[in-house]
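Quick notes on the structure that follows.
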Amino acid sequence: MTIATRLKDFLHKYADQLVILAIISFSFFWKLPYLGVRDLCLDEPFTLYHSQKSVLGIIDRCTEGPNAPLFMILVHFWSKLVGFSEESIRLLPLIISSLTAGFLYITGKRFFSFWAGLLAAGLFMFSKYFFYFSGELRMYGLMCLCTSGALFFFLKCVEEGKQKDFWFLLLCNVALVYSHYFGWFIIMMEAISALFYLKDKVVFKRLLWVFIGTGLSFLPLFLVLIEQFVKSTDGTWLEPPPAGQFKIQVHAFLNSGMVFRLMEFFVPIGLALAFVLGQLFKTPKKYIVVLIWWLIPLGVMYQVSSEIPMFIDRYVLYCSIGLYVFIGAFIERFAHFKWLQAIATLLLIAHMMGSFSMGKEYCRREIKAAVEEVKTLENEENLVVLFPEWSKLNFSYHYDLDIFKEQNYIEEKLNAAKVFPLYTAAQVKSKASEMGKNEIILFNNAGPYDAGYVEMVKGLKSEYREVSKKEFPDNLIVSVFRKN
């Protein structure tokens with residue numbers, strides 16, 4: 001047997017595995033150089049800081065707020081392995097995102113067609129949203145991986161009925177609800193989808209046990225979920241979405257309205273062909289399943305948000321998983337001809353690539369430069385004030401990593417460095433008087449229009465004059481106030 005023949009046999013035998021490996025590798029390596037472009041900011045330092053606790057400490061911390069513990073636990077072990085630098089710590093969400101691309105291909109390929117899998121993975125890989133969140137140290141990427149895993153194993157369960165697949169589905173479900181509480185929307189989609197398979201008693205019974213197992217596994221955090229829901233009925237930090245935001249969000253999942261309009265072009269063609277060929281009303285259940293996995297949760301969150309606002313990109317991100325698989329499945333179902341599927345797939349991916357651009361919005365906050373400005377201004381005659389108080393984690397990560405790692409004494413360590421997280425002008429003036437300082441460096445992490453910041457500046461100007469002010473993208477201001 002010649003080398004060429006052996007190579008041909010190898011490629012034929014492992015074609016699927018090689019495609020999966022290529023997709024995962026491409027998704028990983030083309031995003032890798034961007035991991036350090038954005039400063040670690042916003043909620044990322046919160047995640048990293050609390051992940052330093054013990055596993056039990058993380059779980060205990062998560063009972064006090066809206067954050068599920070699984071991602072923090074993963075970060076806990078990952079940070080012990082790779083350290084705390086922005087690039088190394090963000091490798092974890094990048095790996096998670098790359099695996100999701102592979103899962104999407106597998107799902108499309110196994111249950112629909114090669115082109116369906118390639119399109120689902122391509123839409124995901126060239127999504128601006130996922131490019132951003134693949135490098136963010138938050139749980140949203142993990143939630144999407146678990147969603148893609150749950151969709152794959154649900155379809156595998158209902159089509160093949162193997163007992164081991166129900167165990168894998170249960171594992172994905174548990175990981176999903178412990179990644180983010182909105183994971184329960186996907187569990188509800190599984191329950192609705194299960195109703196299509198009522199006639200298969202064995203499959204439906206096993207799915208029922210999966211749902212029971214998921215519920216029992218969540219009992220330790222059930223009261224926390226109820227408490228967070230009750231709190232949210234009094235309002236959240238978000239505003240209700242404006243009219244038309246649902247369609248705008250779908251456009252955003254596809255980078256632009258152009259990709260959506262291409263879908264609007266292919267949909268009627270596909271439906272017309274299906275009608276002519278007599279297949280319109282013979283659509284298998286799995287196509288309906290992938291439709292409702294994104295349409296219902298996205299629609300429900302949009303409608304509910306008029307009373308309990310929750311419709312924001314990161315919260316609805318998981319809905320795009322079902323959307324990408326649905327688009328691939330729809331093209332496979334209604335394009336009918338392989339050449340038409342290939343054209344539609346390549347055209348949609350090409351437009352996703354063409355509309356992909358991160359630009360300046362990718363560098364979300366230049367907090368590192370703002371902190372360096374503070375360091376430059378520091379001297380024996382002044383003190384540093386952080387506003388608002390929660391910005392101490394963002395600030396300390398870039399100011400002094402040793403202080404950031406202090407689990408129980410971070411504020412004391414900051415105070416020793418003459419850095420004070422404070423909320424009001426009265427507190428600032430009192431602290432300056434106590435320390436005998438005539439100059440204040442104000443680090444504002446809330447933006448120029450924040451009511452608390454405006455009130456603080458107004459209060460300070462009764463005794464101090466603002467001698468310098470420097471703004472940094474996005475919403476960061478470093479000011480120096482000197483006593484009159």
Side-chain angles (χ1 to χ4, degrees), residues 31-53 57-58 61-62 64-98 100 128-145 179-180 182 237-238 312-315 317-318 358 360-372 386 388-407 410 414 421 443-447 472-476:
K31 297 172 184 176
L32 183 62
Y34 293 89
L35 289 187
V37 172
R38 283 188 308 116
D39 297 340
L40 201 80
C41 62
L42 299 174
D43 292 334
E44 290 180 288
F46 172 89
T47 300
L48 183 57
Y49 176 77
H50 290 291
S51 71
Q52 297 176 76
K53 301 178 188 293
I58 293 170
R61 177 65 181 78
C62 290
E64 301 171 5
N67 296 282
L70 180 58
F71 185 69
M72 280 191 193
I73 293 173
L74 293 179
V75 175
H76 170 84
F77 292 107
W78 184 254
S79 63
K80 289 182 179 298
L81 182 65
V82 302
F84 281 68
S85 73
E86 289 163 328
E87 292 87 349
S88 62
I89 202 69
R90 282 175 171 158
L91 279 172
L92 177 61
L94 178 57
I95 291 170
I96 288 171
S97 174
S98 302
T100 304
K128 287 191 288 188
Y129 271 174
F130 280 104
F131 188 93
Y132 175 85
F133 285 106
S134 66
E136 185 179 64
L137 195 69
R138 293 291 284 163
M139 76 293 288
Y140 306 109
L142 178 61
M143 187 185 181
C144 291
L145 174 61
S179 297
H180 199 289
F182 285 156
W237 64 280
L238 297 171
I312 188 174
D313 52 13
R314 62 197 58 218
Y315 290 170
L317 193 66
Y318 71 97
M358 292 310 299
K360 291 182 179 179
E361 76 266 21
Y362 185 71
C363 303
R364 195 158 178 176
R365 287 197 169 190
E366 293 183 8
I367 191 166
K368 189 182 298 182
V371 173
E372 286 302 316
L386 307 182
E389 187 271 343
W390 54 258
S391 61
K392 65 186 178 186
L393 295 182
N394 280 253
F395 181 87
S396 61
Y397 175 84
H398 297 284
Y399 183 76
D400 187 331
L401 197 54
D402 289 332
I403 292 178
F404 179 81
K405 292 179 180 180
E406 287 288 345
Q407 272 296 293
I410 184 169
L414 284 171
F443 178 89
N444 172 27
N445 196 22
F472 299 84
D474 173 46
N475 289 327
L476 290 158

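Relative to the six-membered ring of Y132, R314 misses at least one condition, a distance below 6.0 Å or an angle of at most 45° to the axis.
Residues passing the side chain to side chain donor-acceptor pair (under 3.5 Å) test with Y49, sequence neighbours excluded: none. By the side-chain contact (heavy atoms from CB on, under 4.5 Å) test, S98 pairs with I24, S27, F28, L94, sequence neighbours left out. In this view, Y397 and F404 satisfy the ring-ring contact (aromatic ring centres under 6.0 Å, His included) rule, not counting sequence neighbours. Judged as a side chain to side chain donor-acceptor pair (under 3.5 Å), and not counting sequence neighbours, N444 has no contacts. In this structure, the side chain to side chain donor-acceptor pair (under 3.5 Å) partners of T47, at least two apart in sequence or on a different chain, are R138. Take E372 and apply the salt bridge (Lys or Arg N to Asp or Glu O under 4.0 Å) test, not counting sequence neighbours, and it matches K375. Residues satisfying the ring-ring contact (aromatic ring centres under 6.0 Å, His included) test with H50, not counting sequence neighbours, are F46. Residues passing the side-chain contact (heavy atoms from CB on, under 4.5 Å) test with P66 are Q228, sequence neighbours excluded. For K53, the side chain to side chain donor-acceptor pair (under 3.5 Å) criterion is met by Q407, not counting sequence neighbours. By the ring-ring contact (aromatic ring centres under 6.0 Å, His included) test, F395 is found to be paired with Y399, F443, residues two or more places apart in sequence or in another chain being considered.
Between atom OG of residue S51 and atom CG of residue L92 there is a gap of 10.0 Å, rounded to the nearest 0.5 Å. Separating the OG atom in S134 from the CG atom in L35 is a distance of 7.5 Å, to the nearest 0.5 Å. To the nearest 0.5 Å, atoms NE2 (H398) and CD (E366) are separated by 11.5 Å.
For the pair K405 and F84, the minimum side-chain heavy-atom distance is below 4.5 Å. Contact check for N445 versus L386: no side-chain heavy atoms found under the 4.5 Å cut-off. Using a 4.5 Å cut-off on side-chain heavy atoms (C-beta onward), F133 and P93 make no contact. Looking only at side-chain heavy atoms (C-beta outward), Y140 and Y315 come within less than 4.5 Å of each other.
Residue pairs meeting the side chain to side chain donor-acceptor pair (under 3.5 Å) criterion with at least one member in residues 84-93, sequence neighbours excluded: E44-R90, S85-S88, E86-K368.
Remark: the backbone N or O of C62 is not paired with any side-chain donor or acceptor of N67 at under 3.5 angstrom.
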